[in-house]
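Accompanying notes for the structure given below.
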Number of protein chains: 2
Amino acid sequence: MVEQQEKDSGIRPLRADARRNSEAILNAAAEVFDTLGVEAPVKVIADKAGVGVGTLYRHFPQRPDLIKAIIQKEVDACADAAMVLVANEEPVDALAKWMQRLVDLVATKRGLGPALHSGNAAYQSLPDYVFGRLTPVLSGLLDAAAASGSIRSDVDAKELLIACMRVATPASEGDVAQARRMVALMIDGLRMPRNG
Amino acid sequence: MVEQQEKDSGIRPLRADARRNSEAILNAAAEVFDTLGVEAPVKVIADKAGVGVGTLYRHFPQRPDLIKAIIQKEVDACADAAMVLVANEEPVDALAKWMQRLVDLVATKRGLGPALHSGNAAYQSLPDYVFGRLTPVLSGLLDAAAASGSIRSDVDAKELLIACMRVATPASEGDVAQARRMVALMIDGLRMPRNG
DNA sequence: CGATTATATGGAATCAGATTCCGTTTAGCA
DNA sequence: TGCTAAACGGAATCTGATTCCATATAATCG
């Protein structure tokens, strides 16, 4: 009975129909989240995927599991984008551009922001993953820019990350351009020597 | 101690028991929201107030009505605080201090932030009220500081207001001090001459 | 290929919380 | 004190989330 660790990550071979359904659910959920937001009824997703709700729950026992599966790729891509920027831009420009890239991520994946800041304990794995992946990236960008003397060095990466993601979270009020401007404002703040 | 005005358009005087219950519900809700957040079950509030759910709904047909009633006083106080600051501080300091005052408001009234940014159409009256009240205040502070040459003048008041309130919204991650620092960062951004 | 078995499925049943409805109670008033 | 409109409480209803399990099926084996 040593079969605990076969939750995912491919150690266990999924049956073909299960794999197919899992993918259908993922596609349906991505579409529904973009349309109705993360709070969309589970039934809607199941119907669109052509499966029963029981099947949906078998694959994704918690709603955050579903969200996480959908955005993981996007988050990874965003993290990777920093590499390219670092290689081709001045440190402070790399920082500024990456943070705008972050705005795009949050603005595009409409579910991400709300799910991230919901405060619901059940959603914990999501912020854990996202911040765990992105904080080191931002931290590196900040250090590089600080080392080049373009910005001050007294700002905590995770703190800034959270603030930016909150500002970028779409809702009734506000749009992407607005979020961009406000994030740019924070970057300008970084350029300012520490004030008393 | 302004007398309770009629809550909706009617000019009808409330019966004594109704007024009493309305107040009890308000007190209970304020307490429950602070403890469990705005999503707390209606039943909990009704029980704590010692009334039936029907009575609660009679007084506050929509949850936002309840939230609005609770925070209205706080929002007004925050708006009024600007007057004092303007009279006693340099324009840019008045601006900075008022924005920190705003952080306190959002951080303290735990329900405010989430309700404000929920995007739920039923909650529309809340942002309408809050932004309607606070945007002119911030706009005035920004204009004064810009006129004194301390900050740039290309930032939209409502945009900045929304951004600050989002940053200040409490959740699992983050605390008041963190929100303060991030808002201070934005203010530093305002001090920076417009960059290309 | 057919039998066997562990997996996976669908949707009915159950549960939780929101909202409505209506028979009963009560404040206000003559 | 009696009358009436206002207000009350909570049962009934509705909506959507989550669980459960009898049925179906992919994979494996002889």
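This one's a predicted model, so the numbers in the text were calculated from it and none came from an experiment. We name chains A, B, ... by the order of the sequence lines, and we start the count at 1 in each one.
- Within 4.0 Å of A:Val53, counting heavy atoms only, lies at least one base atom of the nucleic acid.
- A salt bridge links A:Arg180 with A:Asp104: the closest approach of a Lys/Arg side-chain nitrogen to an acidic carboxylate oxygen falls below 4.0 angstrom.
- A close approach under 4.0 Å does occur between a side-chain nitrogen or oxygen of A:His59 and OP1 or OP2 of C:dT9.
- A salt bridge links A:Asp188 with B:Arg152: the closest approach of a Lys/Arg side-chain nitrogen to an acidic carboxylate oxygen falls below 4.0 angstrom.
- Under a 3.5 Å cut-off, the side chain of A:Arg63 and the backbone N or O of A:Val38 do form a donor-acceptor pair.
- No more than 12 heavy atoms of other residues, nucleotides or ligands sit less than 6.0 Å from atom CD of A:Glu90.
- In this structure, CG of B:Leu56 is placed 14 Å from C1' of D:dA7, rounded to the nearest angstrom.
- The distance from atom CG of B:Leu36 to atom C1' of C:dA16 is 16 Å, rounded to the nearest whole Å.
- Between B:Val42 and B:Gly54, it is B:Val42 whose nearest contact on DNA chain C lies nearer the 5' terminus.
- The existence of a salt bridge linking B:Asp17 and B:Arg15 is confirmed by a sub-4.0 Å separation between a basic side-chain nitrogen and an acidic carboxylate oxygen.
- Straight-line distance from the CZ atom of A:Arg63 to the P atom of D:dG16: 12 Å, rounded to whole Å.
- One finds a salt bridge joining B:Arg133 and B:Asp80 here, because a Lys/Arg side-chain nitrogen approaches an Asp/Glu carboxylate oxygen to under 4.0 Å.
- To the nearest angstrom, P of D:dT13 lies 17 Å from OH of B:Tyr57.
- Distance B:Lys43 NZ to D:dG10 C1': 9 Å, rounded to the nearest Å.
- For the pair A:Phe60 CZ and D:dA17 P, the computed distance is 16 Å after rounding to whole Å.
- B:Asp47 and B:Lys43 are joined by a salt bridge, as a carboxylate oxygen and a charged side-chain nitrogen come within less than 4.0 angstrom of each other.
- The phosphate of D:dC8 has OP1 or OP2 within less than 4.0 Å of a side-chain N or O from B:Asn21.
- Regarding contacts with the backbone of C:dG10, a side-chain N or O of A:Thr55 is found under 4.0 angstrom from either OP1 or OP2.
- The interatomic distance linking B:Arg58 (CZ) with C:dC22 (P) rounds to 14 Å, in whole Å.
- Taking atom CG on B:Asp47 and atom P on D:dG9, their separation rounds to 11 Å, with Å as the unit.
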Inset, instruction - Can you check each nucleotide of nucleotides 23-30 of chain C against protein heavy atoms at under 4.0 Å and return B for base, S for sugar-phosphate only, - for none, in 5' to 3' order? - result: ---BSS--

